[in-house]
Asks: 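Below you will find the structure I want to go over with you.
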Amino acid sequence: MAEGAYEAALKYSKQRKQFGKAISDFQAIQWKLADMATEIEAAKLLTFRAASMKDAGMKTTLESSMAKLYASEVAVRCANEGVQIHGGYGFIKDYPAEKFYRDVKLCTIGEGTSEIQRLVIARQLLKD
Ligand SMILES: Cc1cc2nc3c(=O)[nH]c(=O)nc-3n(C[C@H](O)[C@H](O)[C@H](O)COP(=O)(O)OP(=O)(O)OC[C@H]3O[C@@H](n4cnc5c(N)ncnc54)[C@H](O)[C@@H]3O)c2cc1C
């Protein structure tokens, strides 16, 4: 969902013209895209790390919770910024941004809420 929201926003920002130029030419929009792309890569790396540890038969309680917490919250942030980049069009069904925004919140609730992921992480950090 994070990648979908990012790709839709990237595409739209190159198409939408305001003040005589594509909105992707504005630094304010570029910074949003840069943050989205960076956080998506970080979320992927955390997820791949947990997955590769699992494949290696290792215990991944801490790493899985970190990956789930971070990736789901990144997805929410990306969907939010995706709508912002679309402006008013982010609010209507003609563009995918609103669906990402509507659907993404489940990620921080289902399969262990963000609060519970933080609880699991903190328990792992504080044990011993
Ligand atoms: C669209 C959707 C699809 C779903 N699909 C499924 C499914 O297919 N299968 C399935 O089994 N479930 C499914 N769920 C349920 C989902 O797993 C639960 O909603 C989720 O686990 C949270 O439980 P709850 O709704 O009872 O919230 P609650 O447990 O009542 O939590 C409410 C709030 O309190 C916080 N909280 C609760 N306990 C603590 C604590 N000890 N410390 C700190 N904070 C706490 C939570 O993090 C949350 O912010 C789905 C939910 C949604 C919205």
Side-chain angles (χ1 to χ4, degrees):
M1 280 194 224
E3 283 192 318
Y6 164 74
E7 280 163 17
L10 180 68
K11 182 176 167 195
Y12 181 79
S13 72
K14 292 182 191 168
Q15 292 169 348
R16 175 68 171 171
K17 293 213 165 35
Q18 285 292 40
F19 302 95
K21 51 171 82 166
I23 62 169
S24 59
D25 286 340
F26 299 130
Q27 197 175 51
I29 301 297
Q30 292 172 3
W31 285 7
K32 289 184 193 301
L33 294 169
D35 284 347
M36 291 162 86
T38 303
E39 289 195 318
I40 288 168
E41 285 307 305
K44 277 188 190 170
L45 289 174
L46 278 176
T47 305
F48 291 153
R49 180 182 68 152
S52 89
M53 286 174 66
K54 189 78 178 167
D55 281 348
M58 296 163 73
K59 192 163 179 278
T60 65
T61 309
L62 176 67
E63 292 77 11
S64 295
S65 278
M66 285 178 165
K68 200 280 182 181
L69 171 68
Y70 190 74
S72 60
E73 296 203 342
V74 162
V76 170
R77 284 200 288 277
C78 285
N80 185 45
E81 291 293 46
V83 169
Q84 196 67 26
I85 289 170
H86 280 73
Y89 285 124
F91 233 65
I92 60 173
K93 292 186 176 175
D94 299 41
Y95 289 88
E98 69 84 31
K99 180 156 171 55
F100 286 121
Y101 188 70
R102 195 155 33 97
D103 289 350
V104 78
K105 195 58 194 157
L106 171 65
C107 296
T108 62
I109 295 171
E111 299 288 338
T113 63
S114 285
E115 288 77 15
I116 297 300
Q117 301 303 336
R118 288 190 170 89
L119 185 150
V120 170
I121 293 165
R123 277 190 188 152
Q124 291 296 308
L125 298 177
L126 294 168
K127 73 175 187 191
D128 301 330

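Remember, it's 1-based here, ligands and their atoms both numbered in the order they're listed. The figures here come from the full heavy-atom set of this structure, side chains too, leaving out hydrogens, waters and symmetry mates.
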Asks: Run Arg77 and Glu39 through salt bridge (Lys or Arg N to Asp or Glu O under 4.0 Å) and show every step you take.
Replies: CA-CA 9 Å; Arg77 284 200 288 277; Glu39 289 195 318; 3.0 Å; yes
Asks: By number and element, which atoms of ligand 1 are closer than 4.0 Å to a non-hydrogen atom of Ile109?
Replies: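 In order of numbering, the contacting atoms are 19 (O), 20 (C), 21 (O).
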Asks: Looking at atom 1 (C) of ligand 1, is any protein heavy atom nearer than 4.0 Å to it?
Replies: yes
Asks: Measuring to protein heavy atoms, does anything land under 4.0 Å from atom 12 (N) of ligand 1?
Replies: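 Not a single protein heavy atom is under 4.0 Å away.
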Asks: Tell me which one of Ile116, Thr113, Asp103 gets a heavy atom nearest to atom 40 (C) of ligand 1.
Replies: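 Nearest option to atom 40 (C) of ligand 1, by heavy atoms: Ile116.
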Asks: On the 0 to 90° scale, with breaks at 30° and 60°, tag the Tyr89-Tyr95 ring pair as parallel, tilted or perpendicular.
Replies: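 Tyr89 vs Tyr95 ring planes: tilted.
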Asks: Considering all protein heavy atoms, does one lie under 4.0 Å from atom 7 (C) of ligand 1?
Replies: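 There is no protein heavy atom less than 4.0 Å from atom 7 (C) of ligand 1.
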Asks: Give me the nearest non-hydrogen protein atom to atom 51 (C) of ligand 1 as residue plus atom name, then the distance to 0.1 Å.
Replies: Leu106 CD1, 3.8 Å
Asks: State whether the side chain of Glu73 and the backbone N or O of Thr108 hold a donor-acceptor pair below 3.5 Å, judged by distance alone.
Replies: no
Asks: Does CD belonging to Glu98 count more than 12 external heavy atoms closer than 6.0 Å?
Replies: yes
Asks: Of the protein's non-hydrogen atoms, which lies at the shortest distance from atom 48 (C) of ligand 1, and what is that distance?
Replies: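 Ranking protein heavy atoms by distance from atom 48 (C) of ligand 1, first comes Glu115 OE1, 4.0 Å.
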Asks: Please state which protein non-hydrogen atom is closest to atom 16 (C) of ligand 1 and give its distance, to 0.1 Å?
Replies: Gly110 CA, 4.1 Å
Asks: Can you tell me which residue and heavy atom of the protein come closest to atom 42 (N) of ligand 1, and the distance to 0.1 Å?
Replies: Leu119 CD1, 3.8 Å
